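Heads up, the thing below is written out as structure tokens.
For clarity, every value in this text was computed on a predicted model and none was experimentally measured.
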Amino acid sequence: MIKNIVVLTGAGISAESGIPVFRSETGLWEQERVEDVATYDGFLRDKAKVHGFYNKMRLSLADKQANPAHLALTRLQREWQSGKVTIVTQNIDNLHEKAQSKDVIHMHGELMSLRCERCDYAGFFDGESSVESVCPACGHKGCMRPDIVWFGETPYEMGVIEEHLSQCNLFLSIGTSGVVYPAAGFCRFAKAVGAQCVEFNLEPSAVGSSFDYGLYGKASETLPAFVEHLLSTGELLRP
């Protein structure tokens, strides 16, 4: 019997809303070198550049809307009665929030947040940050950074995520490449505790063989149908 569900989402679910997929193998992210804008060393070299980069990305979210896949997860979370539905995302956008999903775990951080390096405050932010930004908690200037987990840094809430995975009966992975760890190992973790595992993607991911099966195509089409079937029958929709 399916009780607790853990959902992992990646860049693929937001691509249908017009947010570009990050491809680390190109060495570029939004036409900038990954080393310059997605590492702490890059931040130390040119804080103004990094702030400007994430300001631009934050601004770009204004006209992006949640798509049917995001909305299907909100429905699942709202209507599933047998247990808890936990959404974990690798994405730094706010589309799950726009879809009104609750308590989303952003393991790689959030564009709509800044973090203080001095007091570790982190909170909602929707403006333009700079090297002159002041921490609203400790009042110091010049200590704010984008609240993003860069390469070489530890993802957020790993203990909480592992606890949810250890208690789940169903694990869904949506729009992930299967090459970024630790998220790429979540399926094997879930299977080790007896969960059923289903992948949603345009094509099998790098860890696709670890899943019980996959539903391949646009998540905005496959996921709403899957959720509808699960909610109405309590059973999994299969290909």
Any donor and acceptor pair, going by atom type alone, linking the side chain of [X] with main-chain N or O of [Y] inside 3.5 Å?
X    : Y    : answer
W80  : N4   : no
T222 : K218 : yes
N91  : A11  : yes
D126 : M112 : no
Y54  : V37  : yes
R58  : E128 : no
E79  : Q77  : no
K98  : K64  : yes
S133 : M144 : no
H106 : I92  : no

field: Worked verdict on S129 versus H51 for side-chain hydrogen bond (donor to acceptor under 3.5 Å, both in side chains)
entry: CA-CA 6 Å; S129 63; H51 276 290; 2.8 Å; yes

Can you tell me how far [atom2] of [Y] sits from [atom1] of [X], rounded to the nearest 0.5 angstrom?
X    : Y    : atom1 : atom2 : result
H108 : D147 : NE2   : CG    : 12.5 Å
K102 : I87  : NZ    : CD1   : 11.0 Å
D36  : K49  : CG    : NZ    : 5.5 Å
L8   : T86  : CG    : OG1   : 12.0 Å
H229 : T233 : NE2   : OG1   : 3.5 Å
T89  : I105 : OG1   : CD1   : 10.5 Å

Kindly give the heavy-atom pair with the smallest separation between [X] and [Y], and that separation in Å.
X    : Y    : value
A66  : A99  : CB-CB, 3.7 Å
P146 : L114 : CA-CD2, 3.9 Å
H70  : S14  : NE2-OG, 3.7 Å
V179 : A206 : CG1-CB, 3.6 Å
Y156 : G109 : CE1-CA, 3.7 Å
Y213 : L236 : OH-CB, 3.4 Å

message: Would K84 and H164 count as a side chain to side chain contact (heavy atoms under 4.5 Å, CB included) here? Give the steps.
response: CA-CA 9 Å; K84 182 177 178 60; H164 286 300; 3.7 Å; yes

For [X], enumerate each residue passing the side-chain contact (heavy atoms from CB on, under 4.5 Å) test, keeping only those at least two apart in sequence or located in another chain.
X    : result
E228 : R75, S232
A137 : C119, Y121, C135
A69  : I13, N67, A219, L223
K141 : E132, V134

field: Worked verdict on T176 versus N201 for side-chain hydrogen bond (donor to acceptor under 3.5 Å, both in side chains)
entry: CA-CA 7 Å; T176 69; N201 223 336; 4.8 Å; no

message: Checking side-chain hydrogen bond (donor to acceptor under 3.5 Å, both in side chains) between Y40 and each of R45, E153, R145, E117, which is the one that passes?
response: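 Single side-chain hydrogen bond (donor to acceptor under 3.5 Å, both in side chains) partner of Y40 among R45, E153, R145, E117: E117.
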
- request: Taking atom CG of D63 as the centre, report whether more than 12 heavy atoms of other residues, nucleotides or ligands fall under 6.0 Å from it.
  value: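 Enclosed: over 12 neighbouring heavy atoms sit under 6.0 Å from CG of D63.
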
message: So for atom CZ, which belongs to R118, do other residues, nucleotides or ligands contribute more than 12 heavy atoms lying within a distance under 6.0 Å?
response: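 No - once you tally the heavy atoms of other residues, nucleotides and ligands closer than 6.0 Å, there are 12 at most.
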
Please determine whether residues [X] and [Y] belong to a single hydrophobic cluster, defined as Ile, Leu, Val, Met, Phe, Trp and Tyr linked transitively by side-chain heavy-atom distances below 4.5 Å.
X    : Y    : result
I161 : L170 : no
L95  : F124 : yes
I174 : L215 : yes
V131 : L44  : no

- request: Sorted by first residue and then second, give each salt bridge (Lys or Arg N to Asp or Glu O under 4.0 Å) pair with at least one member in residues 188-210; sequence neighbours left out.
  value: K191-D212

task: Carefully, step by step, assess V193 and F171 under the rule side chain to side chain contact (heavy atoms under 4.5 Å, CB included).
output: CA-CA 11 Å; V193 300; F171 173 70; over 6 Å; no

task: Before giving the answer on salt bridge (charged side-chain N to carboxylate O under 4.0 Å, His left out), spell out for D120 and R115 the whole-Å C-alpha distance, their side-chain angles and the decisive distance to 0.1 Å.
output: CA-CA 6 Å; D120 207 35; R115 180 172 293 276; 2.9 Å; yes

message: Against F43, only a single residue in F53, F151, W150 fulfils ring-ring contact (aromatic ring centres under 6.0 Å, His included); can you say which?
response: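 By the ring-ring contact (aromatic ring centres under 6.0 Å, His included) criterion, F43 pairs with just one of F53, F151, W150: W150.
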
Verdict with supporting geometry, V6 and F186, side chain to side chain contact (heavy atoms under 4.5 Å, CB included): CA-CA 10 Å; V6 173; F186 289 175; over 6 Å; no

field: Positive for side-chain contact (heavy atoms from CB on, under 4.5 Å) with Q196, one of I5, I2, L172, N169
entry: I2

message: Could you go through M107 and E157, starting from their C-alpha distance and side-chain angles, then the distance that decides it, and tell me whether this counts as side chain to side chain contact (heavy atoms under 4.5 Å, CB included)?
response: CA-CA 6 Å; M107 62 182 295; E157 305 290 352; over 6 Å; no

- prompt: Mind checking what makes ring pair (Phe, Tyr, Trp, His ring centres under 6.0 Å) contact with F125, not counting sequence neighbours?
  reply: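 Ring pair (Phe, Tyr, Trp, His ring centres under 6.0 Å) check on F125 returns nothing, list empty.
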
